[in-house]
Amino acid sequence: MHSITRKLFLYNVVLLAGCSSVKTVEAKTPAGTVSLSYVARLYSMKTSMFGKNMVLQNKYNKLEVETNSRRAWINGVMVWLHEPCRKHGTQWTIREVDFKKGIDPILRSYAYAPKAMPRLVVIDPGHGGKDSGASGPNKVREKEVVLDISHRVRKHLESKNIQVKMTRSGDTYPTLDQRSAYTYKVGGDLFLSIHADGAASPQARGVETFITSASGYDSSNYYGQAGDKSSQRNNEHDAANAILGFSIQSNLVKASKRDDRGLRRARFSVIKKAPCPAALVECGFLTNPTEESLLNSASYRESVARGIANGVLGYFTLVKRARK
Ligand SMILES: [Zn+2]
């Protein structure tokens, strides 16, 4: 699969030589946007409408964008755009930032992956100590669930000779700033915060992965201080965040078999302040009775941990291949 993707990459490198020509190629779309027909041409994809969705597809990849919506799917995995896909004249367009800092890094990781191999992964089990996090109808507590999942992820990664450190290994509560400071101090090359969700509605369910919003853009929804569009330290890793987040979300959905809530954007403190590529994973809803009982079971925790670890390993593989 990757030798095929590589061929596509080499082909696209020619097409993309000077991506700054985006606006000149598509003069009809407003500044800061690209049309989906331009994206389709770039990847040699055919376009078709399927209900409300614009589908772009070639032999290797499928990009599906819901019109007038922020939802898109890359090879079947949901990815939230910073701004909705909108029609300008006859053209469906997305923000240039969503193409350059989301879709393109995911589809052509070779061109965007960091040059250095990560050495140290920092795992951050959410909450702890005085902060129990979310809890469900049967009082299963987030801080305990995510600590166990984190230890399991650590074991999987260490079994592949990847060095791992944790911001907490017991029932303690490092502050959010202490978690970021720790990652900086130990020289973390990859940061992974692990959580379980809570919502007012017991119907809410599924798994999701967050990365920092691009500078100038809001979160995917109410999460992470809505209205905050500031530039953050972690924004220098925008492309790597997308590669990492997509790899984790794809593997997490597959391993957990839960609903795909997508790769989303938010300025959660621990990811926006991370000095390295970073993602925050939500492993299911404790407020959903079915998912609470899953999150309370060793077998589900192990599946989720395997999914997250496979996502990290997938990211390592993409970085390694980009170096060749
Ligand atoms: Zn949490």
Side-chain angles (χ1 to χ4, degrees), residues 80 121-154 166-183 191-213 219-226 228 234 241 244-245 248-249 252-253 256 258-274 278-297 300-301 303-305 307-308 311-312:
W80 286 71
V121 176
V122 173
I123 298 177
D124 172 45
H127 314 276
K130 63 179 183 183
D131 173 12
S132 299
S135 66
N138 287 311
K139 306 286 177 261
V140 177
R141 296 190 292 184
E142 181 180 359
K143 68 171 185 176
E144 283 150 16
V145 172
V146 298
L147 182 61
D148 185 33
I149 293 173
S150 297
H151 280 304
R152 290 169 189 270
V153 174
R154 176 185 195 152
M166 287 165 70
T167 55
R168 69 175 178 101
S169 52
D171 188 22
T172 55
Y173 178 73
T175 64
L176 298 179
D177 279 347
Q178 282 169 343
R179 294 169 202 246
S180 309
Y182 176 80
T183 310
F191 178 87
L192 215 55
S193 195
I194 299 181
H195 290 251
D197 244 324
S201 163
Q203 308 298 323
R205 62 184 185 275
V207 293
E208 58 198 0
T209 303
F210 288 89
I211 54 174
T212 309
S213 308
S219 304
S220 293
N221 44 25
Y222 61 88
Y223 295 100
Q225 298 169 334
D228 175 10
N234 187 251
N241 290 340
L244 173 68
I248 290 174
Q249 181 65 11
L252 180 60
V253 169
S256 70
R258 303 311 297 167
D259 286 3
D260 175 13
R261 295 172 60 87
L263 173 61
R264 295 175 180 233
R265 304 276 183 169
R267 283 192 180 78
F268 290 129
S269 173
V270 287
I271 53 173
K272 77 181 180 185
K273 291 179 182 168
L280 184 147
V281 185
E282 296 278 5
C283 304
F285 281 76
L286 282 164
T287 42
N288 177 294
T290 308
E291 294 196 346
E292 183 192 29
S293 94
L294 284 171
L295 285 160
N296 201 26
S297 75
Y300 181 78
R301 292 177 184 183
S303 302
V304 161
I308 295 170
V312 173

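One-based numbering along the sequence shown. Everything quoted here is computed from the prediction, not taken from an experiment. We count ligands from 1, going down the list as the structure has it; atoms in each ligand are counted the same way.
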Which atoms form the tightest heavy-atom contact between P289 and P202, and what is the distance?
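Shortest heavy-atom contact: CD-O, 4.0 Å.
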Tell me, which pairs form a ring-ring contact (aromatic ring centres under 6.0 Å, His included) where one or both residues lie in residues 126-146, sequence neighbours left out?
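Residue pairs with at least one partner in residues 126-146: H127-H195.
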Between CD1 of I123 and CE of M166, what distance do you get to the nearest 0.5 Å?
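The CD1 atom of I123 sits 6.0 Å away from the CE atom of M166.
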R205: which of D259, D197, T290 passes side chain to side chain donor-acceptor pair (under 3.5 Å):
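Of all the options given, the one that passes is D259.
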Test: salt bridge (Lys or Arg N to Asp or Glu O under 4.0 Å). Region: residues 124-137. Which pairs qualify, not counting sequence neighbours?
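Applying salt bridge (Lys or Arg N to Asp or Glu O under 4.0 Å) to every pair that reaches into residues 124-137, excluding sequence neighbours, yields D124-R179.
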Cut-off 3.5 Å, no hydrogens considered: what does the side-chain donor-acceptor table look like for residues 134-141, sequence neighbours left out?
residue	atom	partner	partner atom	Å
N138	ND2	E292	OE1	3.4
R141	NE	E144	OE2	3.2
R141	NH2	E144	OE2	2.6

With a cut-off of 2.8 Å, which protein N/O/S atoms are close to the Zn ion (ligand 1), if we only count those under it?
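For the Zn ion (ligand 1), the protein N, O and S atoms that sit under 2.8 Å away are H127 NE2, E142 OE2, H195 ND1.
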